[in-house]
Amino acid sequence: MLKAGFIGAGGRARSAHYPALARLDGVEIAAVCELDAERLRLVVDEYGFDRTFSDHREMLATVDLDVVYCVMHERWVLNPALDCLNAGKHLFIEKPPGADSGETRQMLDAAVAKDVSCMVGLQRRYAAVTREAMRRVAARGPVSVASVTFNKQMLGGDGKEFSTTLWDDVIHVVDLLRHMAGGEAVEVTAYRDRFGGESRNCYTSMVRFDSGATGVVFGNRASGGRVLRSELHGVGVGCYMKIPHQIEILEDGETTVMGGWEVDGVEEEDVRRYEGTLTMHEHFLDCVEKGEAPLTDLRDVIHTVDLVDRIEGPLP
């Protein structure tokens with residue numbers, strides 16, 4: 001039985017990560033650390049945790065943990081993450097991995113030095129529709145074109161935000177694009193625009209990968225609402241995904257439409273399963289037990305971070 005500790009009990013942790021781990025066999029949440037007393041009370045009331053802390057260093061020193069989940073805003077994650085890694089603990093962090101790519105590299109260096117994993121919560125790779133698209137295209141490869149779209153409405157902004165929307169949020173689909181294309185970027189053409197405010201809120205980029213695939217990123221926060229979609233094309237096959245709910249597969253003129261729940265063989269209401277969070281945590285814990293690097297370990301994700309930096313270009 002793996003013993004896990006949690007640092008953080010904010011909204012994302014409570015809505016996604018605590019309930020996912022609570023469903024899994026082979027892992028016990030043995031300790032929780034949270035500075036906010038009300039947030040701590042919420043998870044204690046729901047899950048009945050006995051060992052709680054307000055200082056993560058005390059938790060690391062007094063509880064024998066195998067893995068730690070450090071789920072918090074990117075501006076705060078570096079120091080507790082480094083403390084966990086330097087203590088020799090396998091670590092899970094949310095995206096983005098730190099406040100900037102420099103902090104990402106600090107965490108990567110610590111993970112490599114201690115020979116532990118540092119997994120990043122880029123769950124779009126693990127979504128059922130993504131996995132099905134990659135399976136279908138791999139059978140009819142190579143990948144020719146991949147595209148990702150992640151739009152919202154976030155108008156305004158004075159250009160002085162803590163981080164850009166590309167780093168904070170669009171990184172999800174930049175990572176998905178890299179994953180689907182199956183290679184690393186060799187050419188990047190990118191446009192960064194501002195609409196309705198002083199902040200960058202519209203990113204459009206074309207990427208050529210060393211796999212021979214071409215990728216396109218649309219990340220528009222000046223649009224009318226939230227849209228998360230992707231496409232993946234091989235030879236005689238094209239897949240169109242509404243993440244995480246649906247995949248439309250066109251193969252040799254025939255069309256198949258599947259729900260994400262159908263791909264994974266679960267109930268439609270079990271969104272956490274087919275949208276990728278549960279699969280992601282299962283994968284992480286399985287890799288820890290086997291001594292393998294997870295799919296979205298920083299050793300791989302650093303290449304996504306490099307691509308984000310290339311798309312972002314110099315900041316004003």
Side-chain angles (χ1 to χ4, degrees), residues 1-14 16-22 24-100 102-121 277 280-294 296-299 301-302:
M1 175 76 72
L2 293 174
K3 289 188 176 181
F6 254 91
I7 303 174
R12 176 63 180 164
R14 296 197 311 274
H17 301 305
Y18 282 98
L21 256 67
L24 299 180
D25 296 327
V27 60
E28 171 197 2
I29 303 178
V32 177
C33 178
E34 170 57 62
L35 290 173
D36 186 291
E38 176 59 20
R39 290 178 176 180
L40 183 60
R41 184 192 65 78
L42 288 172
V43 293
V44 168
D45 286 351
E46 183 165 1
Y47 299 103
F49 300 131
D50 293 324
R51 308 198 71 175
T52 61
F53 299 85
S54 59
D55 186 334
H56 68 273
R57 291 162 295 188
E58 181 184 358
M59 181 180 76
L60 292 171
T62 58
V63 185
D64 185 16
L65 300 171
D66 300 297
V67 299
V68 179
Y69 287 78
C70 188
V71 182
M72 61 183 66
H73 192 279
E74 63 263 31
R75 75 173 67 193
W76 311 120
V77 74
L78 177 64
N79 288 331
L82 289 177
D83 288 340
C84 294
L85 294 168
N86 289 328
K89 307 301 181 185
H90 298 286
L91 182 67
F92 176 96
I93 59 174
E94 260 292 356
K95 63 81 199 165
D100 52 40
E103 291 195 357
T104 304
R105 293 181 186 282
Q106 289 184 60
M107 289 184 279
L108 173 59
D109 289 345
V112 170
K114 290 296 185 177
D115 193 27
V116 292
S117 296
C118 185
M119 168 106 160
V120 185
T277 301
M280 175 178 67
H281 286 304
E282 286 176 333
H283 171 70
F284 175 48
L285 297 170
D286 184 57
C287 287
V288 168
E289 289 198 317
K290 293 179 178 177
E292 300 173 354
T296 48
D297 185 86
L298 276 184
R299 293 161 178 81
V301 171
I302 192 64

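- Within the model, atoms OG1 of T62 and CZ of R51 stand 5.0 Å from one another, a figure rounded to the nearest 0.5 Å.
- For the pair C118/L108, no side-chain contact is recorded, criterion being any heavy-atom separation below 4.5 Å from C-beta on.
- Between the side chain of N79 and the backbone N or O of L82 there is no donor-acceptor pair closer than 3.5 Å.
- When all heavy atoms are compared, the tightest approach of C33 to H56 is SG-N, 3.3 Å.
- Without hydrogens or angle criteria, E34 side chain to R39 main chain gives no donor-acceptor distance under 3.5 Å.
- A distance of 13.0 Å separates CZ of R41 from OG1 of T52, quoted to the nearest 0.5 Å.
- Judged purely by atom type and a 3.5 angstrom limit, R75 has no side-chain atom pairing as donor or acceptor with the backbone of A99.
- Between the side chain of K3 and the backbone N or O of D64, no donor-acceptor pair lies under 3.5 Å.
- Between Y47 and V32, the closest side-chain pair of non-hydrogen atoms is not below 4.5 Å.
- Shown here for L60 and K89, the closest heavy-atom pair between the two residues is CD2-CG, 4.1 Å.
- At most 12 non-hydrogen atoms from other residues, nucleotides or ligands lie less than 6.0 angstrom from CZ of R57.
- Surrounding CG of D45 are more than 12 heavy atoms belonging to other residues, nucleotides or ligands, all under 6.0 Å away.
- Taking CZ from F6 and NE2 from H17, the interatomic distance works out to 7.0 Å, rounded to the nearest 0.5 Å.
- One finds the OG atom of S117 at 9.5 Å from the CD atom of E292 (value rounded to the nearest 0.5 Å).
- The aromatic rings of F92 and Y69 lie tilted to each other, with the angle between the two planes from 30° to 60°.
- Using a distance-only test at 3.5 Å, with no hydrogens or angles considered, no donor-acceptor pair links the side chain of H90 to the main chain of V67.
- Considering all non-hydrogen atoms of both residues, E94 and V71 come closest at CG-CG1, 3.9 Å.
- How far CG of L40 is from CG of L35: 9.5 Å, rounded to the nearest 0.5 Å.
- Annotation: side chain of L65 is in contact with side chain of M59 (closest heavy-atom distance under 4.5 Å).
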